A.B. asks: 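Take this structure first; my questions come after.
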There are 2 protein chains.
Amino acid sequence: MSRQAGHEPAGAGGQGDGKGRRMYRVLVVDDEPQIVKALVINLRARAYEVDAAHDGAAALRVAAARHPDVVVLDLGLPDMDGVEVIRGLRGWTRVPIIVLSARHASDEKVDALDAGADDYVTKPFGMDELLARLRAAVRRAAPSGPDDDASAVETETFTVDLAARKVHRGGADVRLTPTEWHLLEVLVRNPGRLVSQKQLLQEVWGPAYGTETNYLRVYMAQLRRKLEADPARPRHFITEPGMGYRFEA
Amino acid sequence: MSRQAGHEPAGAGGQGDGKGRRMYRVLVVDDEPQIVKALVINLRARAYEVDAAHDGAAALRVAAARHPDVVVLDLGLPDMDGVEVIRGLRGWTRVPIIVLSARHASDEKVDALDAGADDYVTKPFGMDELLARLRAAVRRAAPSGPDDDASAVETETFTVDLAARKVHRGGADVRLTPTEWHLLEVLVRNPGRLVSQKQLLQEVWGPAYGTETNYLRVYMAQLRRKLEADPARPRHFITEPGMGYRFEA
DNA sequence: GGACACCTTGACGCCGTCTTGACGCGGAAA
DNA sequence: TTTCCGCGTCAAGACGGCGTCAAGGTGTCC
């Protein structure tokens, strides 16, 4: 048995990577310039977008304006209590909040966490650890997103819902076999781009199938018959002779 | 026989009265009896349901059987590396994981967090702090659980009340076995979406049951017999051959 | 101890899907 | 113009998944 039938992308995580990873935006709130600086440098180096605020009022303002994906918040701010900042944010957003603080006291932590913080790191902190906690916070918040991101791709004649694994055409659902769906998925996840024959074969049929181009011809024909308005004159599944295929919306 | 038959204790632990606060279930994993004891006492006092496991294998087994709302995991287990336990859980569930560890080393924390842990607490820890972090984890996870969203789903022939754990059909309640209910629940919580065979098997039977598709066939048949108007021609529990099943309202 | 409900497991027939080969067409190279 | 290769199309057969049924095993409640 060369290939397995059930080639689902191991469940969950699957559909993230199709479209390039977006930049995550971090809001850093601290009144100590050297800490802000260190964080900004480290975060930018890891391809985060970073905004900074040095007091609570600015933090709330920037958060409202920029909608960060995660907030790193020092509790010792000059103008207002850190817990107040947390409450101010929680009034309207669930953005993950990672608290930084020099206080080790247990009830400080409890107060901050119960006010709505997601994590609490005491200074001095290891940059590696903070970054790992930040990744955890972002990862946790992400799953709400991917469903909406690129879940639906539309053309004039049909609609592909990647999350629900559904294809809609003219008021009815189109039934696709696993292989048909898999092929469609690879193409649709690379809209407008040429996908080589080898890549299609290997992604759908497995690494051993780099040259069986007749498979592609058969299944491309089926996709066109089910989805194209005029299968003989395809407008969305374009053949690039000798190279591969391209999906056009 | 890795799994015990009845996970959901019939009426017991389940989310009780429609709106009221349901009991949260915590899985405590640690090989030091005194720590387990302390945690169990403190958690039970705060109205959590608590399960305990003293090694990694038991942890994975109990998690699969009991579906806790949060896992407190000691990294220093006798039988396997704690990070492996995290990976084992993350293979099929997003349940929040709070790691306990005596190790303060930064890279230990980074490894655990990147493997999928949500929080990392070093021993010795303050019980207040741990409980606050636990509350934060539960609070964060709650909104994602569509428990409240669509607590009742209707079709032409039957009604599913997710909160009350009841299925109504033609003026009478339909009696479902625990496994039948669990399967129905997973499908109904993803209306219109294709749920892969592997996901169904792992969510209902546990992470080790990714390939026993005959279970699915048997239980899907039972669900259809009890709920479909014409079980031979299902309108709500749709088979997507080779891929999975889909619930349509 | 017995009755019962539930879960597991195997067997079997049907049907859809995948594979495979053959054929015609058209464009590019010779 | 001829030749050749790649592509689209079609059809037939093999294969495996799915629905169905029934028996065996296990735990629970009375």
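All values reported here derive from a predicted model rather than from experimental measurement.
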A.B. asks: Figure out the CG/P separation between A:L201 and D:dC7, and round it to whole Å.
C.D. replies: 11 Å

A.B. asks: D:dG19, D:dC18, C:dC18: which one has an atom nearest the side-chain heavy atoms of B:R224?
C.D. replies: D:dG19

A.B. asks: Let me know, please, whether A:L176 or B:E180 comes out on the 5' side of the other along DNA chain C by nearest nucleotide.
C.D. replies: B:E180

A.B. asks: Tell me which nucleotide among D:dG19, C:dT9, C:dT8 gets nearest to the side chain of B:W205.
C.D. replies: C:dT8

A.B. asks: Indicate the atoms forming the closest heavy-atom contact of B:F247 with B:V188, along with that distance.
C.D. replies: CD2-CA, 4.0 Å

A.B. asks: Please state how far atom OH in B:Y219 lies from atom C1' in C:dT9, giving the value in whole angstrom units.
C.D. replies: 11 Å

A.B. asks: With nearest nucleotide decided by heavy atoms, which residue, A:M243 or A:R225, maps closer to the 5′ end of DNA chain D?
C.D. replies: A:M243

A.B. asks: Just compare D:dC18, C:dT9, D:dG8 and give me whichever is closest to any side-chain atom of B:N214.
C.D. replies: C:dT9

A.B. asks: Just the rounded figure in Å: distance from C1' of C:dT19 to OH of A:Y209.
C.D. replies: 9 Å

A.B. asks: Out of C:dT17, C:dC7, C:dC18, which has the shortest distance to the side chain of A:R175?
C.D. replies: C:dT17

A.B. asks: For B:E212 and D:dC18, give me the distance from atom CD to atom P, rounded to whole Å.
C.D. replies: 14 Å

A.B. asks: Can you measure A:L216 atom CG to C:dT20 atom P for me and round it to whole angstrom units?
C.D. replies: 14 Å

A.B. asks: Checking B:D51 now: which residues fulfil salt bridge (charged side-chain N to carboxylate O under 4.0 Å, His left out) with it, not counting sequence neighbours?
C.D. replies: B:R66

A.B. asks: Is A:Q222 near enough to D:dT9 that one of its side-chain N or O atoms lies under 4.0 angstrom from OP1 or OP2?
C.D. replies: no

A.B. asks: Please give me the minimum heavy-atom distance between B:D55 and B:P78, naming the atom from each residue.
C.D. replies: CB-CG, 4.0 Å

A.B. asks: Specify the residue among B:P231 and A:G242 whose closest nucleotide of DNA chain D lies further upstream toward the 5′ end.
C.D. replies: A:G242

A.B. asks: Counting side-chain heavy atoms from CB outward, which of C:dC18, D:dT9, C:dT9 is closest to A:V218?
C.D. replies: D:dT9

A.B. asks: If you draw a 6.0 Å radius around CD in B:E32, do more than 12 non-hydrogen atoms from other residues or ligands fall strictly inside?
C.D. replies: yes

A.B. asks: Could you give the CD-to-P distance, from A:E240 to D:dG8, as a whole number of Å?
C.D. replies: 11 Å

A.B. asks: In whole angstrom, give the distance that lies between atom CH2 of A:W181 and atom P of C:dT17.
C.D. replies: 15 Å

A.B. asks: Compare the minimum distances between each of D:dC18, C:dT20, C:dC18 and the side chain of A:T177, then state the nucleotide with the smallest one.
C.D. replies: C:dC18

A.B. asks: Counting only side-chain nitrogens and oxygens, does B:T239 get under 4.0 Å of the OP1 or OP2 atom of D:dC18?
C.D. replies: no

A.B. asks: Considering only C:dT8, D:dG19, C:dT20, which nucleotide approaches the side chain of B:Y245 most closely?
C.D. replies: D:dG19

A.B. asks: Using 0.5 Å steps for rounding, measure from the CZ atom of A:R133 to the CG atom of A:D118.
C.D. replies: 11.5 Å

A.B. asks: OP1 or OP2 of D:dC7 versus the side-chain N and O atoms of A:Q197: is any pair under 4.0 Å?
C.D. replies: yes

A.B. asks: Are A:Y215 and C:dT20 close enough that a side-chain N or O sits under 4.0 Å from OP1 or OP2?
C.D. replies: yes

A.B. asks: Any idea which of D:dT20, C:dC18, C:dC7 is nearest the B:T179 side chain?
C.D. replies: C:dC7

A.B. asks: Roughly, in whole Å, what's the span from CE in B:M220 to C1' in D:dC18?
C.D. replies: 12 Å

A.B. asks: Any donor-acceptor pair under 3.5 Å linking the side-chain atoms of B:D31 with those of B:H54?
C.D. replies: no

